[in-house]
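Nothing fancy with the numbering, it's 1 onward along the sequence. Values below: all heavy atoms of this structure, side chains included; hydrogens, waters and symmetry mates excluded.
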Amino acid sequence: MASDTAAGVPEVPAAPQSRRSVTGTRRTVAALFLLPALLLLGALVVYPIGYSVIRSFYDQSGGGFAGFDNYRALFTDDGIRTALKNNVIWVVFAPTVATALGLVFAVLTERIRWGTAFKLVVFMPMAISMLAAGIIFRLVYDQDPDKGVANAVWVGVHDTFAESSAYPKAHPGRESPLEAAGGGAFVTKGTVRVGDAVTLPLVGVAPDLIPEGAERAAAPKPEPDRITGTTWQDFTRGKGVGTLNGVDADELGYPGMRIEAVRDGTVVETATAGADGTFSLSSKADGARLRLPASNFKEPYNGLDWLGPSLVTPAVIGSYIWMWAGFAMVLIAAGLAGMPRELLEAARVDGANEWQVFRRVTVPLLAPVLAVVTVTLMINVLKVFDLVFIIAPGSSQDDANVLALELYRKGFSEDQPGIASAIAVFLLLLVIPVMWFNVRRLRREVRR
């Protein structure tokens, strides 16, 4: 070629190469492939955001410019302020607890043989939709212990330490020797003496609620040096059947009924009725009045009102944690798998116990993963809607309200699209800083 140039033959310039992307693909081709996705992104994301921003400055009809009135309502409307307060509670507690549980599960499952099966069970709720999870926990939190699992467990634990009464509806019938003593107790109208046989008839307990150990009531038999008596269900099925305030053959005793002998406001002796309702007191009770204390008629404990105004938000947060703790566990377990084990072993060799290794080595090394999980869950809880809408009943939905639910209610139930758009823009402004922090952290990790 040098000789050709020297001979005066001009050198043919090389054809200009088309500009290519980083991957080697022509940029025009790459743009054509990206165009459908960009159009879809614009139609589903950019346009709705822009329209919501514009609509938030107009009144209810959309024909009049409202300025910042809709945004002013965010801080003056009681419903929106309650929703904002609940969102703060959600952002603080739900991601923190879910991440902490995920960390504990990820660390502990490394030390057990069936760790994979445990992870599968914990992660399984992620496969359930929010709608299905809401229905499940609406049943879990049912007030009736026979239906709601939460109250069934709570009542079982409570009754282990404080047994409820078997006669909550019992009360004296007509012409009864008993009268109300205040506070739910009943007392005899007169005093009793040694040798008396006292009858304490009661009614009001359904036959199927009488304790299984109850036997046919026995009439009291006088004893010369004691006070005897019977307390029983003074009711016989059938019209006109049975003797009023008298023990009949088919009537049942009240086993376990507590009887107190009270003199001058002081309990001098107590007794408990047997299976046939009979009881006996010594001569200490001579001249006292017999009292059936209120503890005999205490209403059964029905557990907590999980979906009431005071507990509905923690209850819904609990259902969210049940769903998302598995998500946190899986991500943290992935970070744990890539952790250099020699650092853990070095800490143990230096004399650190397992808690010190966890607190001073494992957690600091997992800090980037924990931050990503926490921030991701924070973004997620800012948009929570389904669980609150389904689990919280109408009577306490105002107390469990969150911004996403209030957006729905303002936009559809109350027909205030301007305020609903302002809530949507406000939610976007809350999410953007968290997303920006997450993106910056991910980029920093990539550079490393």
Side-chain angles (χ1 to χ4, degrees), residues 159 162-207 209-301:
D159 289 349
E163 188 176 353
S164 60
S165 170
Y167 314 106
K169 303 295 184 182
H171 61 275
R174 293 182 294 113
E175 303 176 14
S176 173
L178 293 167
E179 62 182 4
F186 301 102
V187 66
T188 55
K189 295 176 180 178
T191 59
V192 295
R193 294 293 177 180
V194 171
D196 287 349
V198 185
T199 56
L200 304 178
L202 294 168
V203 295
V205 180
L209 296 180
I210 293 179
E212 295 181 0
E215 299 176 359
R216 290 183 178 180
K221 297 179 180 179
E223 296 183 14
D225 57 346
R226 299 189 69 83
I227 299 169
T228 58
T230 301
T231 176
W232 80 102
Q233 173 88 338
D234 189 22
F235 177 80
T236 303
R237 291 182 178 274
K239 187 175 181 180
V241 178
T243 305
L244 183 63
N245 297 330
V247 179
D248 297 311
D250 294 332
E251 294 173 345
L252 297 175
Y254 278 165
M257 181 72 74
R258 182 180 174 84
I259 300 95
E260 297 175 343
V262 182
R263 185 189 303 117
D264 299 327
T266 304
V267 177
V268 295
E269 192 174 3
T270 62
T272 302
D276 58 357
T278 58
F279 61 90
S280 176
L281 295 164
S282 70
S283 58
K284 293 180 182 179
D286 186 51
R289 300 173 71 183
L290 301 187
R291 181 175 66 186
L292 302 179
S295 58
N296 290 317
F297 315 106
K298 184 173 59 178
E299 291 286 342
Y301 182 69

Any side-chain to backbone donor/acceptor pair from [X] onto [Y]? Under 3.5 Å, distance only.
{"X": "Arg174", "Y": "Leu244", "answer": "no"}
{"X": "Asn296", "Y": "Arg258", "answer": "yes"}
{"X": "Asp234", "Y": "Asn245", "answer": "yes"}

Would you say the side chain of Val268 lies within less than 4.5 Å of the side chain of Val262, judging by non-hydrogen atoms?
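Heavy-atom side-chain distance check fails, nothing below 4.5 Å.
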Does some side-chain heavy atom of His171 sit less than 4.5 Å from a side-chain heavy atom of Val203?
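They are in side-chain contact.
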Between [atom1] of [X] and [atom2] of [Y], what distance do you get to the nearest 0.5 Å?
{"X": "Asp276", "Y": "Glu251", "atom1": "CG", "atom2": "CD", "value": "13.5 Å"}
{"X": "Arg291", "Y": "Thr270", "atom1": "CZ", "atom2": "OG1", "value": "11.0 Å"}
{"X": "Arg193", "Y": "Ser283", "atom1": "CZ", "atom2": "OG", "value": "12.0 Å"}
{"X": "Phe235", "Y": "Ile210", "atom1": "CZ", "atom2": "CD1", "value": "10.0 Å"}

Would the number of heavy atoms belonging to other residues, nucleotides or ligands and lying under 6.0 Å from CZ of Arg263 be above 12?
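Correct, the count exceeds 12.
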Just wondering, are more than 12 heavy atoms of other shown residues or ligands nearer than 6.0 Å to CD in Glu299?
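Yes.
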Which heavy atom of [X] sits nearest to which heavy atom of [Y], and what is that distance?
{"X": "Ala261", "Y": "Ala285", "value": "CB-CB, 3.5 Å"}
{"X": "Ala170", "Y": "Val205", "value": "CB-CG2, 3.6 Å"}
{"X": "Pro224", "Y": "Val194", "value": "O-CG1, 2.9 Å"}
{"X": "Gly213", "Y": "Pro255", "value": "C-CG, 4.4 Å"}

Glu179 and Lys189 ion-paired at < 4.0 Å
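Looking at Glu179 and Lys189, the cut-off is not met.
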For a quick check under 3.5 Å, do Ser282 and Glu269 share a side-chain donor-acceptor pair by atom type?
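Yes, a side-chain donor-acceptor pair sits under 3.5 Å.
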Just by distance, with hydrogens left out, do Asp264 and Thr266 show a side-chain donor and acceptor under 3.5 Å apart?
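No donor-acceptor contact under 3.5 Å links the two side chains.
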How far apart are the C-alpha atoms of Leu292 and Ile259, what are their side-chain angles, what is the distance that settles it, and do they pass the side-chain contact (heavy atoms from CB on, under 4.5 Å) test?
CA-CA 5 Å; Leu292 302 179; Ile259 300 95; 3.7 Å; yes
How far apart are the C-alpha atoms of Tyr254 and Leu200, what are their side-chain angles, what is the distance that settles it, and do they pass the side-chain contact (heavy atoms from CB on, under 4.5 Å) test?
CA-CA 10 Å; Tyr254 278 165; Leu200 304 178; over 6 Å; no
Please say which of Thr231, Thr230, Ile227, Asp196 ends up in a side-chain contact (heavy atoms from CB on, under 4.5 Å) with Pro220.
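Of all the options given, the one that passes is Thr230.
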Determine whether Leu290 and Val198 satisfy the following criterion, side-chain contact (heavy atoms from CB on, under 4.5 Å), listing intermediate values before the conclusion.
CA-CA 9 Å; Leu290 301 187; Val198 185; 4.1 Å; yes
Under the criterion side-chain contact (heavy atoms from CB on, under 4.5 Å), I'd like the reasoning laid out for Trp232 against Thr199: C-alpha separation, chi angles, the key distance, then a yes or no.
CA-CA 8 Å; Trp232 80 102; Thr199 56; 3.6 Å; yes
Can you name the one residue among Glu223, Arg226, Lys221 that meets side chain to side chain donor-acceptor pair (under 3.5 Å) with Ser280?
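Output: one option passes, namely Arg226.
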